[in-house]
Amino acid sequence: MTSPKMLFHLLSRRTPPAFSFHYQVYPPNPHYFLQFHRLTTAPPTPPPRDAALAKLILSSDPQTLTQTLQDPTIQWTSDLVNRTLKRLSNHGPKALHFFKTVDRHHSLSSSDSFDLAIDIAARMRDYKAVWALMARMRARRIGPGPKTFAIVAERYVAAGKPDRAVKVFLSMQEHGCVQDLNSFNTILDVLCKSKRVEMAYNLFKALKSRFKADCVSYNIIANGWCLIKRTPMALEVLKEMVERGLEPSLTTYNTMLKGYFRAGQIKEAWEFFLQMKRRKCGIDVVTYTTLVHGFGCAGEIERARRIFDEMVKEGVLPSVATYNALIQVLCKKDSVENAILVFEEMLRKGYAPNSTTYNVIIRGLCHAGEMDRALTFVERMKDGDECEPNVQTYTIVIRYFCDAGEIEKGLDVFEKMGSGNCLPNLDTYNILISAMFVRKKSDDLLVAGRLLVEMVDRGFLPRKLTFNRVLDGLLLTGNQSFAKEILRLQTRCARLPRQFKL
DNA sequence: TTAGGGTTAG
């Protein structure tokens, strides 16, 4: 076994950089205030109507929708279309109906809107719609572009069809899209991120000379091996990179550092970091965030804190992500109280927490059984103007209410999110449906049945197991007619084209 | 949407 020190020697860059540059967004710089000033003094722009529009679309049936959308006061900018599509993305059928209706009347010409619609169709595994939309893009000469292919490939992989994803990549040219090193790197990354590393590596080996693989390609593959905890393979790949004369970048080192932590090689991670320091790799905020998170996850809270304090002395300011890492590990391995102290400290220092920050705190409070306090943080998100609660926020709260046996409260949160402007996703439905079995109440099973019908209606495909559990439950509690309805629904789902099936 | 750092619990 080679030691990290030896390997580092192998990987280290030949010429140390003259200086290192730390890019920071926060604390805010004076330009932000100038920008804010300009925004407040500019003539008032009408607020985006996407929220109201999404509500309207959700409450109207397909027949009246066309009329609704013909309101002449609506300015169909691509921004409005995109925002609305995003709001409707957890209601695929409505989202696509909306897109098709607006497109029919206004002939949309933004590739971003098409990409969003294609993503929604692909998530529903409606590949016929996906390819029809891609053909329409081509006819309008607005695509399909590299981003479109990235989306489609990603969705094929997520649906368990990585071979189809590769085929799509290989056929880019035929569909009028340039196929270059960037798109090669993208398909490698899509495969790696979904842990199809072996397949990515084979593709890489087969095509690396054709596409002239660069440092990014190698970093993607190394990261892939790290994701499945195979650090020796990652190092082997990087060794080849260096031998081919490609210089490792700071990303390369940060990737390996994270890889060691992920594989539980804490000692190696530390040694590797010391080498990075010694060799003046230009350690940055990502390096430090990796250390804080890595040591924290390993239970070494004090060490994580020490590194957090040390980075400032070294001239690297923490980012929101660094705070999120520290807050998360404090929640997990220390106490939520200490995590909240850090949260308050970041506010004092002028950082703007994002939805991840809030979600981490909310989860910590839920985990500690402090549901009421968790809900006050959800309210804080609503009141503040930084970030609204998202589907993850609500799903966390619902999960913990259900786990604590407070199913009514879970359902209550579910109702509120659905009637507001945040639609539940597959996770939300799965959690709630499972919760409907714990009390062994006949009424709960009716709710489970209704949720199942609703999720199918919104373009989600329940697992076979979910269908069977609901069916058994309904039959056992004497709800024969509803069971029959569910059975018909299951048959309908099963009759969908093969690609619809899980 | 060409690469690296924050989100579950099992």
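Computed from a prediction, not measured in an experiment: that's the story for all the values here. Proteins come first, then strands; the chains are lettered A, B, ... in the order of their sequence lines, and each starts at number 1.
Nucleotide B/dT2 holds its P atom 20 Å from the NZ atom of A/K212, rounded to whole Å. Atom CG in A/D284 sits about 8 Å away from atom C1' in B/dG5, given to the nearest Å. Protein atom CG of A/D189 is 7 Å distant from nucleotide atom C1' of B/dA3, rounded to whole Å.
Comparing B/dT2, B/dT1, B/dA3 against the side chain of A/N182 picks out B/dT2 as the nearest. For A/Q328, the listed nucleotide lying nearest its side chain is B/dT8; candidates were B/dT1, B/dT8, B/dA3. Considering only the side chain of A/Y400, B/dT8 comes nearest among B/dG6, B/dT8, B/dA3. Side-chain proximity of A/E154 to B/dG6, B/dA3, B/dT1: nearest is B/dT1. Listed candidates were B/dT8, B/dT1, B/dG5. Nearest to the side chain of A/K332 is B/dT8. Nearest to the side-chain atoms of A/V360 among the listed nucleotides B/dT1, B/dG5, B/dT7 stands B/dT7. Of the candidates B/dA3, B/dG5, B/dT8, the closest approach to any side-chain atom of A/V286 belongs to B/dG5. Checking B/dA9, B/dG6, B/dA3 against the side-chain heavy atoms of A/K193 singles out B/dA3 as nearest.
Residue contacts for A/T322: at a heavy-atom cut-off of 4.0 Å it reaches a base atom on one of the strands shown. The residue A/D427 sits apart from the nucleic acid: no heavy atom pair falls under 4.0 Å. A/T356 comes within 4.0 angstrom of a nucleotide base, judged by non-hydrogen atoms across all strands.
A donor-acceptor contact under 3.5 Å is formed by the side chain of A/S319 with the base of B/dG5. For B/dT8, the base has a donor-acceptor partner in the side chain of A/R399 [N/O atoms by modelled type, under 3.5 angstrom].
Taking the six-membered ring for Trp and thresholds of 30 and 60 degrees, A/Y201 and A/F204 have nearly parallel ring planes, at less than 30 degrees apart. Using cut-offs of 30° and 60° on the angle between ring planes, the pair A/H367 and A/Y400 is perpendicular.
Of the side-chain N and O atoms in A/K147, none sit less than 4.0 angstrom from OP1 or OP2 of B/dT2. Side-chain nitrogen and oxygen atoms of A/H293 include at least one within less than 4.0 Å of the OP1 or OP2 phosphate oxygen of B/dG6. Look at A/H367 and you won't find any side-chain N or O under 4.0 angstrom from OP1 or OP2 of B/dT8.
In this structure, the ring of A/Y156 has its center less than 6.0 angstrom from the ring center of A/Y127.
The existence of a salt bridge linking A/E379 and A/K382 is confirmed by a sub-4.0 Å separation between a basic side-chain nitrogen and an acidic carboxylate oxygen.
More than 90° away from 0 lies the glycosidic angle of B/dG5, which makes this nucleotide anti.
Qualifying side chain to side chain contact (heavy atoms under 4.5 Å, CB included) partners for A/P146, counting only residues two or more places apart in sequence or in other chains: A/C177.
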